[in-house]
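Note sheet for the following structure.
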Amino acid sequence: MRRLGSLLGFFLLLVGSAWAASIPVGSELIVELPPLSERWQVSALPPDFLVKEIAEHLGHELAAEGKTPSEAEILKVAEKRLAANEAFVCNPASGSCLLIDFSPLRPDEKAPGRRQVAASARYAAEGLADEEGLSDLQQTAAKANLPGSRHVYRIDARYRQHGEPRQFIGYVGFAQPSWFYLYYTDSLADPADLAEMEKLFQGVVVRPAGGR
């Protein structure tokens, strides 16, 4: 049974042996996730293994710059970087994780059009090439559908990180009043992970809070 103490207001519905999740993002939107098997943990806080993984990459980056912060300092930076996300859907056994990030428009910012969302997805895809330890990158980006969104594009990528194969799926989009980024990294340690995550993407819905 997954730990419920770190869900911070998430609503979970038990469906047979699986969980469906309703996640508030800001005050105006709800993200509805379809049922997931008990292999996955849904949390508002990043799991320890993910914090350590991000910290390891940060340590390599800082060492390449000639910087030598303490382990505690690197972990703090990793936690701060991950804090931008509203939720994490992770399989701690395999290390595969989905990060959910919603960023509201600034008061002076206009809602983006399709071209702006496409450009943001393209920049995100290009940014993968700058990740620490990444090589053999192959990627595509294309228009996609996600109920409740105004515009959305999907990024698919395969690569190696420190020699280990990885697969990435990203959804970059806009649902009034927020940009959103759903970033999934598959460790390829468990073939079932990718199949279940594809089902999640087929069933995820963004809706107004309060059902408006």
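One is the number of the first residue; the rest follow in order along the sequence. All values below were derived from every heavy atom in this structure, side-chain atoms included, with hydrogens, water molecules and symmetry-related copies excluded.
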Taking it one step at a time, do Asp101 and Leu182 satisfy side chain to side chain contact (heavy atoms under 4.5 Å, CB included)?
CA-CA 6 Å; Asp101 174 18; Leu182 310 181; over 6 Å; no
Side chain to side chain contact (heavy atoms under 4.5 Å, CB included) assessment of Ile30 paired with Val25
CA-CA 6 Å; Ile30 300 288; Val25 285; over 6 Å; no
Evaluate salt bridge (Lys or Arg N to Asp or Glu O under 4.0 Å) for Glu73 paired with Lys80, printing each intermediate quantity in order.
CA-CA 11 Å; Glu73 290 172 327; Lys80 184 176 180 180; over 6 Å; no
Would you check, one step at a time, whether the test side chain to side chain contact (heavy atoms under 4.5 Å, CB included) holds for Lys143 with Arg114?
CA-CA 9 Å; Lys143 188 176 180 180; Arg114 180 187 60 81; 4.1 Å; yes
Kindly determine whether Gln167 and Leu194 satisfy side chain to side chain contact (heavy atoms under 4.5 Å, CB included), including the steps that lead there.
CA-CA 9 Å; Gln167 185 158 347; Leu194 187 59; 3.7 Å; yes
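Between Val89 and Leu99 there is no side-chain heavy-atom pair separated by less than 4.5 Å. Considering only heavy atoms from C-beta on, Arg115 stays 4.5 Å or farther from Ser120 through its side chain. Side-chain contact check for His162 versus His57: some heavy-atom pair is nearer than 4.5 Å. Using a 4.5 Å heavy-atom threshold, the side chains of Ser103 and Ser178 count as separate. Side chains of Cys97 and Thr185 form no contact here, defined as non-hydrogen atoms less than 4.5 Å apart.
Minimum interatomic distance between Leu146 and Val152 (heavy atoms only, all atoms of both residues): N-CG1, 3.7 Å. Closest approach of Ala209 to Ser27, counting heavy atoms only: CB-O, 3.6 Å. For the pair Ser94 and Ser187, the tightest heavy-atom approach, listed with the atom from each and the gap, is O-OG, 2.8 Å. Minimum heavy-atom separation, Ile74 to Gly59: CD1-CA, 4.0 Å. Closest non-hydrogen pair, Arg160 versus Pro165, comes out as NH1-CD, 3.6 Å. The two residues Leu29 and Gln176 have their closest heavy-atom pair at CD2-O, 3.5 Å.
Side-chain polar atoms of Gln161 and Arg166 form no donor-acceptor pair below 3.5 angstrom. Under the 3.5 Å distance criterion, with hydrogens and angles disregarded, a donor-acceptor pair is assigned to the side chains of Asn91 and Asp193.
Using a cut-off of 4.0 Å between Lys/Arg side-chain N and Asp/Glu carboxylate O, Glu196 and Arg39 are scored as salt-bridged.
Ring geometry for Tyr184 against Phe201 counts as perpendicular: the plane angle is over 60°, on a 0 to 90° scale with 30° as the lower cut.
Val77 and Phe88 end up in the same hydrophobic cluster when Ile, Leu, Val, Met, Phe, Trp and Tyr side chains are linked at under 4.5 Å.
Within 6.0 Å of atom CD in Glu71, 12 or fewer heavy atoms from other residues, nucleotides or ligands are found, so the atom counts as exposed in its surroundings. Annotation for Asp156: atom CG counts as buried by contact number, over 12 foreign heavy atoms lying within 6.0 Å. Under a cut-off of 6.0 angstrom, the local environment of CD in Gln138 is sparse, with at most 12 non-hydrogen atoms contributed by other residues, nucleotides or ligands.
Residues in residues 96-128 take part in these ring pair (Phe, Tyr, Trp, His ring centres under 6.0 Å) pairs, two or more places apart or across chains: Phe102-Phe180.
Its side chain within the 4.5 Å cluster rule, Val172 clusters with Leu105, Val117, Leu128, Leu134, Leu137, Tyr153, Ile155, Tyr159, Phe168, Phe174, Trp179, Tyr181, Tyr183 among the Ile, Leu, Val, Met, Phe, Trp and Tyr residues.
Side-chain atoms of Asp186 come within 3.5 Å of backbone N or O of Leu188 as a donor-acceptor pair.
Taking NZ of Lys110 as the start and CD of Gln116 as the end, the distance is 9.5 Å to the nearest 0.5 Å. The distance from atom OG of Ser149 to atom CZ of Arg207, rounded to the nearest 0.5 Å, is 15.5 Å. Atom-to-atom distance recorded for Glu86:CD and Ser43:OG is 12.5 Å, nearest 0.5 angstrom.
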Pair up each side-chain donor or acceptor in residues 46-55 with any protein partner under 3.5 Å, not counting sequence neighbours, and list the distances.
none

